[in-house]
Number of protein chains: 2
Amino acid sequence: MFSEQAVTSADKTFYRLRTDIVEGQIPAGSKLSETELSTKYQVSRAVVREAINRLESCNLVERKANIGARVVSLTPQGLVQLYQVRESLEGMAARLAAKNMTDDEIAALNELLSSHFQEVKQGQSYYQEAGDVDFHYRIIIGSKNQHLISMLLNGIYHLVRMYRVQLGMAGPRVTTAFDEHRHIVQAISHRDEELAEMLMRRHILYSKNNIATKLGAG
Amino acid sequence: MFSEQAVTSADKTFYRLRTDIVEGQIPAGSKLSETELSTKYQVSRAVVREAINRLESCNLVERKANIGARVVSLTPQGLVQLYQVRESLEGMAARLAAKNMTDDEIAALNELLSSHFQEVKQGQSYYQEAGDVDFHYRIIIGSKNQHLISMLLNGIYHLVRMYRVQLGMAGPRVTTAFDEHRHIVQAISHRDEELAEMLMRRHILYSKNNIATKLGAG
DNA sequence: TACCACAAAAGTGTCGACAATATAGTGGCA
DNA sequence: TGCCACTATATTGTCGACACTTTTGTGGTA
């Protein structure tokens with residue numbers, strides 16, 4: 001889906017490590033030993049090093065010279081800060097999507113929404129996870145701003161997913177979020193950039209507040 | 001100023017390469033040969049590789065597997081997209097700065113503005129370059145959002161500087177920009193988050209339009 | 001001449017070993 | 001006992017060599 005093709009050994013190691021970190025099989029805050037990982041994954045240390053460096057670019061690990069790399073630790077403040085960035089960037093993405101998406105792309109977006117509607121109606125929980133990601137994903141791509149796309153999909157989304165998975169946020173907010181999605185798509189369909197941005201920002205802000213209260217973070 | 005301390009050889013190579021790229025001594029769009037650079041800088045290829053990888057994280061070079069790395073090329077659309085991201089992120093930074101800066105930091109910001117005022121009054125051009133950067137820098141730091149800070153200072157600002165240097169944007173807009181800065185600081189002093197964000201976004205938008213018309217980009 | 005196959009060259013990807021730095025552990029001294 | 005210096009160990013940083021892929025260049029064939 002994200003069109004990430006692993007051609008090189010470092011790629012594969014990067015993806016495996018990333019999955020293990022996001023899903024929590026390598027615990028948050030733990031140390032990443034190059035030698036250890038190289039034996040575990042059966043590749044040379046150079047490959048592991050490169051993979052870790054890329055993980056650092058994704059903000060999934062922190063590295064200090066001559067000391068080593070650690071998986072980031074998940075904190076309520078970190079989550080809040082992450083969502084502030086998301087609000088800012090995805091708001092802009094929605095604005096640009098309203099401007100730059102083709103009519104076909106918008107039609108497809110409406111279809112996606114309809115299919116989600118069916119699922120919500122039938123009480124399926126599929127929507128929450130993959131559906132939500134897919135919705136945001138399409139709008140981000142629709143912005144057609146390469147920097148924005150790269151920052152969100154390579155830089156932020158895996159960290160968001162890590163929070164979601166490890167703090168177990170599969171909560172409610174399904175139907176509410178669906179309505180919000182619907183309004184955003186409407187605004188995009190009307191090519192109302194201002195409104196699209198505002199609604200997207202609210203949508204993310206609500207979801208942040210929903211999570212923050214759950215975690216007891218300001 | 002940016003508290004970047006080069007402890008390792010890869011660090012130094014990274015900084016040297018980055019400077020050479022930003023200042024145009026390595027032309028935009030040109031290929032980066034690992035072997036060539038390793039002989040030029042007198043370090044091993046592994047070090048150059050790591051440096052190039054970090055440059056990729058900064059969006060200053062693009063790398064393809066088994067083919068190599070090229071310095072990004074500067075295009076009008078690229079500049080527009082970059083400024084859209086800046087608008088979004090720095091707008092949020094201003095909002096958060098209005099919320100999170102200490103009174104002391106705000107006082108210092110006002111002093112910075114005053115000293116700039118003296119310089120503008122005396123017709124010095126110092127303001128435009130370092131002064132402008134310093135102003136934005138302080139607000140970004142003042143946001144106290146680590147993701148935001150990292151994205152802007154590590155990820156985007158060097159690319160902005162690259163555009164500025166290589167397309168020669170030392171134009172006018174000095175006094176106008178100064179007024180905009182003044183209003184932003186006022187909003188921050190009043191802890192008006194909404195206004196601070198709006199003004200910062202307009203400030204960057206104006207500056208984008210100013211540049212875009214100069215380059216003949218939509 | 002145009003096109004394809006194949007060989008040669010250059011470049012990147014990967015590896016294991018050595019050097020430099022940080023950490024842990026030991027012993028001595030006040 | 002508590003603290004400092006020193007040694008030993010483990011980990012990261014750097015290097016040169018080899019493996020694999022891409023590109024270049026050469027020759028043959030239609």
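Throughout, protein chains are lettered first and strands after them, A, B, ... in sequence-line order, and every chain is numbered starting at 1.
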Report task. Can you label the angle between the B:His181 ring and the B:His203 ring as parallel, tilted or perpendicular, going by 30° and 60°? Result -> perpendicular
Requested in this report: Please list, chain by chain and in numerical order, all residues satisfying side-chain hydrogen bond (donor to acceptor under 3.5 Å, both in side chains) with B:Lys208, sequence neighbours excluded.
Outcome: none
Query raised in the report: To the nearest Å, how far apart are A:Ile67 CD1 and C:dA20 P?
Result: 19 Å
Requested in this report: Quick one: list whatever passes salt bridge (charged side-chain N to carboxylate O under 4.0 Å, His left out) with A:Arg49, sequence neighbours left out.
Outcome: A:Glu34, B:Glu50
Query raised in the report: Counting only N and O atoms by type, is there a donor-acceptor contact under 3.5 Å from the side chain of B:Asn100 to the main-chain atoms of B:Ser143?
Result: yes
Query raised in the report: Which residues within residues 29-37 of chain A lie with some heavy atom under 4.0 Å of an atom in DNA chain D?
Result: A:Lys31, A:Leu32, A:Ser33, A:Glu34, A:Thr35
Requested in this report: Answer yes or no: is there an ion pair linking B:Glu23 with B:Arg161, defined by an N-O contact shorter than 4.0 Å?
Outcome: yes
Report task. Within residues 38-61 of chain A, find the residues that approach DNA chain D with a heavy atom at under 4.0 Å, and present them sorted by residue number. Result -> A:Arg45, A:Arg49
Report summary line: chain A vs DNA chain D, heavy-atom contacts under 4.0 Å, first-to-last nucleotide span, 5' to 3', is D:dT11 to D:dT14
**Report entry** B:Ile139 side, atom CD1; B:Leu109 side, atom CG - distance, nearest 0.5 Å
**Finding:** 5.5 Å
Query - Electrostatic pair A:Glu105-A:Lys144, nearest N-O below 4.0 angstrom - result: yes
Requested in this report: Mind running a 4.0 Å heavy-atom check of residues 6-19 of chain A against DNA chain C and sending the residues that fall below it, in number order?
Outcome: A:Thr8, A:Ser9, A:Ala10
Query raised in the report: Quick one: do B:Lys99 and B:Glu193 make a salt bridge, cutoff under 4.0 Å?
Result: no
Query raised in the report: With the threshold set at 4.0 Å, does a side-chain nitrogen-carboxylate oxygen contact exist between A:Glu62 and A:Arg70?
Result: no
Query raised in the report: A:Lys64 has an atom NZ; how far is it from atom P of C:dT21, in whole Å?
Result: 19 Å
Query raised in the report: Salt-bridged, A:Arg16 to A:Asp11, with N to O below 4.0 Å?
Result: no
Query raised in the report: Where each residue is assigned the nucleotide of DNA chain C containing its nearest heavy atom, which of A:Ala65 and B:Arg63 is assigned the position nearer the 5′ end?
Result: B:Arg63
Query raised in the report: When you measure from the centre of the six-membered ring of A:Tyr15, is the NZ or CZ of A:Arg18 under 6.0 Å away and within 45° of the axis?
Result: no
Requested in this report: Could you check A:Glu56 against A:Arg63 for salt bridge (charged side-chain N to carboxylate O under 4.0 Å, His left out), going step by step and ending with a plain yes or no?
Outcome: CA-CA 7 Å; A:Glu56 192 185 14; A:Arg63 158 169 262 167; 5.2 Å; no
Requested in this report: Check whether any side-chain heavy atom of B:Glu180 sits under 4.5 Å from a side-chain heavy atom of B:Leu199, and report yes or no.
Outcome: no
